[in-house]
Amino acid sequence: MEKQYKPVPDTEELRYKGTPEKPDIKIFVSHRIDLDSETIDNPLYIPVRCGAIYDERENVSMLGDDTGDNISEKRMSFCELTVPYWAWKNVKADYYGLCHYRRYLSYKDGKMPVFTNNMSKTGLIYSPDLCTSIEQFKLNDVDLIKESIKNADVIALEPFDLKQVGCSSVYELWQKDICNFDVKVLDSILMIIENKYPYMLKFAKTYFKQSKTTFYNLFVMNKQCFDEYCEFLFGVLFELEEKIDYSHYNSEKKRIIGYIGENLLNIFLIKLKEDKKNIKYLQGIFIDKIVKQEEIFPAFHSKNNTI
């Protein structure tokens, strides 16, 4: 049965507002459909439900990745990457960004310590809740974020040195982290890159030999870089998913396409360095408590004395 496409909503947040002096910046925040998570009151951030095609809730106001040209149904394997695909195909902007409901880039000056021993947080700063993060890491400072992005081709997460977790290279991480990676898939990745994007092969080989990497698919890119990145990313992943045997993977490892996407972003960044693109690196944040808290009211309004 041919896939049916719902129209993309005509909302203010998705309309193009760019001018030569003020580029249009849209940072898409990937949200889960099984959590009512907090959002940031900042027009640069656009919350989007990842895998919205599976959302059975009614009267949900948050945008979904299931309109227009989309791959919302691939959410369980592509993870948050369904959101940038949707943005790439359906939304006009001068800068496109991606972050998560609990992982954001920090715009705060100065370095802070990061996790080194948890694969869902490694390389990120810990923050207890979104309210704390907004103030501490300047997530609501529109002018500061615009200034940080200004004149940069790409904003990326600061690389993490895998030597801190006992790995001398990205390849060794793939060998050791059998819960998330499958080293046998590497040959398929390199073969696809060699066949479809031969100019990227040397960057891929360089990447898997080096010890530094970034996780989580956190970035902001200008339109030219974003278009090139998405063409490379999804060109590899769509072909790769046909070659992977998921039958012996557990539920976590079935997310391998999303993890491979992190690696493809790193390969692309190496290519951009050779192209002399202006890449700016920022630290990232892991936010612990992100679920909306219900407002508590007195049980008896006529007897709500504090003594």
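Nothing here was measured: the structure is a model prediction, and the numbers come from that model.
A cation-pi arrangement is absent between K254 and Y249 under the rule of less than 6.0 angstrom and at most 45 degrees off the ring axis.
Within the 6.0 Å centre-distance limit, the rings of F268 and Y229 are counted as a close aromatic pair.
Side-chain atoms of D288 and Y126 include a donor-acceptor pair closer than 3.5 Å.
A 6.0 Å sphere centred on NZ of K205 holds no more than 12 heavy atoms belonging to other residues, nucleotides or ligands.
Residues Y207 and V170 have side chains in contact (heavy-atom distance under 4.5 Å, counting atoms from C-beta outward). With a 4.5 Å cut-off on side-chain heavy atoms, C99 and I27 count as touching.
In this structure, K74 pairs ionically with E241, as a charged nitrogen and a carboxylate oxygen lie closer than 4.0 Å.
Partner of Y95 under the side-chain contact (heavy atoms from CB on, under 4.5 Å) criterion, out of I155, D24, V220: V220 alone. Under the side-chain contact (heavy atoms from CB on, under 4.5 Å) test applied with D69, the options W86, Y85, W88 reduce to a single match, Y85. A side-chain contact (heavy atoms from CB on, under 4.5 Å) with L124 is found for one member of V114, L157, I287 and no other, namely L157.
Listed for the D65 side chain is a donor-acceptor partner under 3.5 Å among the backbone atoms of G51. Between the side chain of Y104 and the backbone N or O of V29, no donor-acceptor pair lies under 3.5 Å. Looking at T206, its side chain does come within 3.5 Å of a backbone N or O of K202 through a donor-acceptor pair.
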Go through the steps to decide whether D275 and K273 satisfy the test salt bridge (Lys or Arg N to Asp or Glu O under 4.0 Å), and finish with yes or no.
CA-CA 5 Å; D275 291 345; K273 286 181 184 178; over 6 Å; no

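Residues L63 and I46 share a closest heavy-atom pair of CD1-CG2, 3.7 Å. Closest non-hydrogen pair, K138 versus I145, comes out as O-CD1, 3.8 Å. In terms of heavy-atom proximity, S72 sits nearest to A52 at OG-N, 3.1 Å.
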